[in-house]
Structures are given as structure tokens and as C-alpha cells.
*Asks:* 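Questions regarding the structure given below will be posed in turn.
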Amino acid sequence: MSIEVSIVMGSENDLSVMKEAAEVCEAFEIPCEVQFVSAHRTAVWMAVYAEKAKERGIKVIIAGAGGSAHLPGMIASHTSLPVLAVPVKKPLHGNEALWSSIKMPKGVPLAVMPENGSYNAALFAISILSLGSEKIAAKYDNFKMEQTKGVIDSNILLQEIGWRKYAEREKGVSS
Ligand code: RP5
């Protein structure tokens with residue numbers, strides 16, 4: 001099966017955030033690849049990678065970067081594929097990666113996720129892929145239904161045991 005989703009990031013230090021996107025793709029059985037591609041340190045490789053992505057069968061690129069975060073925008077400038085930006089925010093970082101991505105000038109569009117939003121980036125990629133695949137669309141619909149059911153079930157329990165007990169139970173679950 002050919003790779004449909006590309007997950008790229010500027011540094012190995014972004015992997016702890018970006019791996020969630022790969023996990024979501026795996027859960028939906030979407031073939032994806034994960035690559036370190038830096039706009040600053042491997043500028044030529046980045047351009048070649050982005051330019052070849054479409055002919056390799058890739059349909060969506062998820063690009064994560066921190067700091068000045070040029071990678072998503074530069075990838076988008078080298079391909080007509082949809083590019084989803086994940087601003088990577090580490091402890092002590094400001095919001096620079098988010099602003100670098102969201103301020104993309106007119107003409108080169110970028111879909112920008114929340115900071116560290118690699119989970120939603122993968123879901124967004126899946127929603128794009130579902131336009132061309134009934135199988136993926138069914139899985140995505142099912143995921144959303146299960147998610148809705150989860151909230152309804154939680155609320156039923158909340159009404160049964162009250163918020164104090166529910167909160168205590170949550171503490172127990174998370175510790
Ligand atoms: C960006 O610069 C990367 O996306 C990373 O988040 C940030 C810092 O890179 P490292 O110095 O941690 O490799 O290119």
C-alpha cells in the first residue's frame with residue numbers, strides 16, 4: 001500500500017509531540033511515513049521531499065516545527081498538496097511557532113492546528129482522505145460516533161454519582 005500521509009518534523013526533538021499523529025494514522029490503518037526534514041538544516045532535501053511527495057502518492061502532509069517554524073510554510077511553497085501545520089511548543093517556549101505558521105502570507109495556504117495539535121492534524125488528514133475513500137469515511141464516522149457516545153456515557157455516570165464522587169474517581173484514574 002502506498003504512503004498516503006507524510007508526517008515531517010524539523011528535529012528529532014519534535015518527535016515526542018509529532019508521534020501522536022503517527023499513532024492516530026496507525027489506529028485508522030492509514031499508511032504514513034515519518035521523516036526528519038529541517039527547513040533550516042536540510043533546506044535542499046526539504047524542497048526535493050516536498051516536490052516529490054505528490055508523485056509518490058502522498059495525499060496530505062503534516063508538518064511540525066518549533067521555534068521560527070519555517071518548515072510547514074516552506075513545504076507548502078514546494079507542493080500543491082494540503083499541508084497541515086503543527087506548531088511545536090516545548091516548556092519555556094513562547095507562541096512563536098504558532099505565529100510563524102498562522103501568519104502565512106497570501107498565496108501559500110497552510111491549515112494550522114493548535115500548538116502540539118498533532119492528534120487533530122492526523123484526524124484532519126483522515127477527514128481529507130475520507131473524501132476519496134468510503135472505507136476511511138466509515139471509520140472516521142464511527143470514531144466520531146464513539147467519541148460522542150463516550151461523552152454521553154460519562155454524563156450519565158456524572159448524573160448518577162454527582163460531581164464530587166466523579167472528580168474523586170477521576171483523580172484515582174489519572175494517578
Ligand atoms: C526547528 O527548530 C525544529 O522543529 C525544532 O522544534 C526547533 C529546535 O530544533 P532543535 O535544536 O531542538 O533540533 O527546526
Side-chain angles (χ1 to χ4, degrees), residues 1-133 136 139-140 143-144 147 174:
M1 244 196 291
S2 76
I3 306 290
E4 297 199 59
V5 176
S6 150
I7 302 166
V8 297
M9 64 208 80
S11 164
E12 62 186 4
N13 296 322
D14 300 327
L15 188 58
S16 59
V17 167
M18 297 304 295
K19 68 177 186 185
E20 222 178 346
E23 286 165 357
V24 173
C25 288
E26 277 186 14
F28 278 81
E29 296 174 309
I30 307 285
C32 71
E33 69 178 18
V34 179
Q35 302 261 2
F36 298 136
V37 182
S38 169
H40 311 274
R41 296 163 181 156
T42 65
V44 174
W45 155 235
M46 177 211 63
V48 171
Y49 180 84
E51 279 162 17
K52 297 255 178 233
K54 197 171 185 177
E55 69 193 49
R56 290 181 53 226
I58 288 168
K59 299 203 171 68
V60 189
I61 300 178
I62 299 171
S68 298
H70 294 128
L71 182 69
M74 289 305 292
I75 291 266
S77 77
H78 284 281
T79 181
S80 57
L81 291 172
V83 179
L84 316 181
V86 178
V88 173
K89 181 172 177 173
K90 297 279 175 55
L92 307 181
H93 279 199
N95 307 107
E96 59 276 2
L98 174 64
W99 284 112
S100 302
S101 303
I102 213 149
K103 289 283 189 175
M104 200 63 191
K106 199 172 173 181
V108 182
L110 204 52
V112 183
M113 299 295 124
E115 287 164 325
N116 296 343
S118 60
Y119 184 91
N120 268 10
L123 289 181
F124 202 104
I126 287 161
S127 75
I128 293 170
L129 295 177
S130 71
L131 292 171
S133 161
I136 297 173
K139 275 190 197 171
Y140 188 50
F143 164 83
K144 295 193 90 172
Q147 185 169 248
S174 62

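Every heavy atom of this structure was used, including side-chain atoms; hydrogens, water molecules and symmetry mates were not. As the structure lists them, so they are numbered: ligands from 1, and atoms in each ligand from 1.
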*Asks:* Are any of the side-chain heavy atoms of Val112 and Pro87 separated by less than 4.5 Å?
*Replies:* yes
*Asks:* Within the protein, is there a heavy atom lying under 4.0 Å from atom 8 (C) of ligand 1?
*Replies:* no
*Asks:* Students should be able to answer this: which protein heavy-atom is nearest to atom 13 (O) of ligand 1, and at what distance?
*Replies:* Ser11 OG, 2.6 Å
*Asks:* Please list, in number order, the atoms of ligand 1 under 4.0 Å from a heavy atom of Gly10.
*Replies:* 3 (C), 4 (O)
*Asks:* What protein heavy atom sits nearest atom 1 (C) of ligand 1, and how far off is it?
*Replies:* Gly66 O, 3.6 Å
*Asks:* Record the part of Asn13 in heavy-atom contact with ligand 1 below 4.0 Å; permitted values are side chain, backbone, both and neither.
*Replies:* side chain
*Asks:* Which residue supplies the protein heavy atom nearest to atom 14 (O) of ligand 1, what is that atom called, and how far is it?
*Replies:* His40 CD2, 3.8 Å
*Asks:* Can you see whether Lys54 engages Thr79 through a side-chain donor-acceptor pair at a distance of less than 3.5 angstrom?
*Replies:* no
*Asks:* Just heavy atoms, cut-off under 4.0 Å: does Arg41 contact ligand 1 by side chain, backbone, both, or neither?
*Replies:* side chain
*Asks:* Check for a donor-acceptor pair, side chain of Ser100 on one end and backbone N or O of Ser68 on the other, with a separation under 3.5 Å.
*Replies:* yes
*Asks:* Parallel, tilted or perpendicular: which describes the rings of Trp45 and Tyr49, with under 30° parallel and over 60° perpendicular?
*Replies:* perpendicular
*Asks:* Looking at Ala65, which atoms of ligand 1 are within less than 4.0 Å of one of its heavy atoms?
*Replies:* 4 (O)
*Asks:* Check each of Glu33, Glu51, Glu4 against Arg56 using the salt bridge (Lys or Arg N to Asp or Glu O under 4.0 Å) test, and report the only one that passes.
*Replies:* Glu33
*Asks:* When you measure from the side chain of Asp14 to the backbone of Ala65, do you find a donor-acceptor pair of N or O atoms at a distance under 3.5 Å?
*Replies:* no
*Asks:* Taking Lys139 for its side chain and Ile126 for its backbone only, find out whether a donor-acceptor pair lies under 3.5 Å.
*Replies:* no
*Asks:* To which protein heavy atom is atom 4 (O) of ligand 1 closest, and what is the distance rounded to 0.1 Å?
*Replies:* Asp14 OD2, 2.6 Å
